[in-house]
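Letters A, B, ... mirror the listed sequences (proteins, then strands); counts begin at 1.
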There are 2 protein chains.
Amino acid sequence: MIDDIDRQILDILQENARTPNAEIARQVGMAPSAILERIRKLEERGVIQGYAVRINPDAYGLGLMAYVFVRADERAGALTTAEQMALIPEVQEVHHVAGEDCFLAKVRVRGTRELGELLRDRFGSIETIRSTRSTIVLDTVKETTMLYEPETGGSRG
Amino acid sequence: MIDDIDRQILDILQENARTPNAEIARQVGMAPSAILERIRKLEERGVIQGYAVRINPDAYGLGLMAYVFVRADERAGALTTAEQMALIPEVQEVHHVAGEDCFLAKVRVRGTRELGELLRDRFGSIETIRSTRSTIVLDTVKETTMLYEPETGGSRG
DNA sequence: AATGAAATCGCCTGAGT
DNA sequence: ACTCAGGCGATTTCATT
C-alpha cells in the first residue's frame, strides 16, 4: 500500500510538516517533481489526511485537559451519542471503546469551571448519555501524533 | 499574550499547516513579510510547537489503539515512571492523571498480539509499575488536535 | 512513475515609513 | 511593527523516457 519511498517522505513530514518539497527531494534523492507527485497521491488515497500546527494549549487559553468516560444507551434514529459529542468543539477526540463505559472523549477547556459547564450543558443535553466520569490530567509528559514504524514482515497476515 | 492577528494566523494554520505564507497574508490582509515575522515569534515563544502531518494509522499498519491506565509507586532516583513510558515509540501520549490510576498512556500498535507484547515486554520491564489496565478502542469517531477558541473576557482572572 | 527544463509563485532580506 | 521592492529559490506543469 505504501512503499519505502513513501515512508521516507512521511517520516520527513512527521518531523516537520512544513519541510519544503525541494528539501524532501534532496533527502530522498529524487527530483522535486517526483516528490510532489507522490505526496499528491498520498493525499488522494487518504494516507495523508492533512497538516496540523501544534499549538501550546496554555498559550491558547486551554489549560485544562480531561478524559471523559461516557456511559450511554444507544437508541435508533437521530444522531448517535458519539456523533453528538463529536460536534462539541471542546471535544478533540471521541472513541468507541470496549468495556463497561461505551465512549471515551478527550476534552480541552480553560479551567475546572468550564469543564463543569461543558459536562452540565453540552454532555448533559445529549439524551442518550446515562452518566459521565471525568479524569483530570494533572501533567502531560508526552503528547505526539507521530506514528512509529511497525516491524514489517512478521507472522501476521 | 497572543493578539487577534496571531489567532487568525493560527486558525489558518490549524486548517492546513502547509498554507503558504503569501496565502495567509492575503487572508489576513497584511504583507507576507509581516506574517513571516509573526510566525517566527510564535515559534520562538513556544506558542507554535511544530508542524505535524496527519497520517491514516491504518495505512501505516497501526490499526489498533488503546488507552493504558498505569498504577505505579514512584521511587526517587532514576527516571520516573512517566519518563520511561514516554521513551516507548508506540506510546503517543503519557499523562499524569488525578485519581486512583496514576498515569494514562495512549498507544498505537498493529494488533492485539503487539499490544500484548508491548504490555508484557515494555511496560512490564518498568520497575515502578504495579499494574496496568487497557481499554481497547473499537472505533474512532473524532480525532483532531484543533484547539477551540475559548470565550475571552469572562469572569476569570 | 521519474526526470529535467521552464515559468510561475513564494520566501525572505533590507530599506524605509 | 508594518509595507514595499527585488533577488533568489521553491513549486508546479509538461514533455519525455
Under-4.0 Å salt bridge between Arg133(B) and Glu100(A):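 The answer is no: the pair does not qualify as a salt bridge.
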
Separation of dC11(C) C1' from Glu43(B) CD (nearest whole Å):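 Value for this atom pair: 14 Å.
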
Closest listed nucleotide, where the reference is the side chain of Pro20(B) and the choices are dC11(C), dT12(D), dA10(D):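 The nucleotide sitting nearest to the side chain is dC11(C).
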
Any donor-acceptor N/O pair under 3.5 Å between dC11(C) base and Ser33(B) side chain: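 Answer is no: no donor-acceptor pair is held.
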
Ring geometry between Tyr67(A) and Tyr67(B) (parallel below 30°, tilted from 30 to 60°, perpendicular above 60°):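 Perpendicular.
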
Whole-Å gap separating P (dT13(C)) and CD1 (Ile35(B)):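 Rounded to the whole Å, the gap is 16 Å.
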
Of Ala22(B) and Glu37(A), the one whose closest DNA chain C nucleotide lies more 5':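 Between the two, 5'-proximity favours Glu37(A).
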
First encountered from the 5' end of DNA chain D, between Ile5(B) and Arg18(B):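 Of the two residues, Ile5(B) wins.
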
Interatomic distance where CD belongs to Glu23(B) and C1' belongs to dC9(C) [whole Å]: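 Taking CD of Glu23(B) and C1' of dC9(C), I get 12 Å after rounding.
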
Ile9(A) CD1 - dT11(D) P separation (whole Å):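 Interatomic distance, CD1 of Ile9(A) to P of dT11(D): 13 Å.
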
Separation of dA10(D) P from Gln27(A) CD (nearest whole Å):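 For the pair Gln27(A) CD and dA10(D) P, the rounded distance is 13 Å.
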
Touch class at under 4.0 angstrom, heavy-atom based, for Ala34(A) against every strand present: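 Answer is base: heavy atoms of Ala34(A) come under 4.0 Å of a base.
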
Sugar-phosphate only, base, or nothing, as touched by Arg26(B) at under 4.0 Å among non-hydrogen atoms: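 Sugar-phosphate, backbone atoms only, no base.
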
Whole-Å distance separating the CD1 atom of Ile39(A) from the C1' atom of dA1(C):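 Computing the Ile39(A):CD1 to dA1(C):C1' distance gives 15 Å.
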
Centroid-centroid distance, Phe123(B) to Phe69(B), less than 6.0 Å: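 Centroid distance Phe123(B)-Phe69(B): not below 6.0 Å, so no.
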
Touch class at under 4.0 angstrom, heavy-atom based, for Arg40(B) against every strand present: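 Sugar-phosphate, backbone atoms only, no base.
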
Whole-Å gap separating P (dA10(D)) and CD1 (Ile24(A)):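 Whole-Å distance recorded here is 12 Å.
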
Rounded distance (Å) that lies between atom P of dC12(C) and atom CG of Leu36(B):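 Nearest whole value for this atom pair: 5 Å.
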
Lys142(A) bridged to Glu90(B) by N-O distance under 4.0 Å: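 Result for this pair is no, no salt bridge flagged.
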
Presence of salt bridge, Arg38(A) and Asp3(A), under 4.0 angstrom: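 Between Arg38(A) and Asp3(A) there is a salt bridge, with a charged N closer than 4.0 Å to a carboxylate O.
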
Nucleotide nearest Arg38(A) when distance is taken to its side chain, options dA1(D), dC11(C), dA1(C):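 So the nucleotide nearest the side chain must be dA1(C).
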
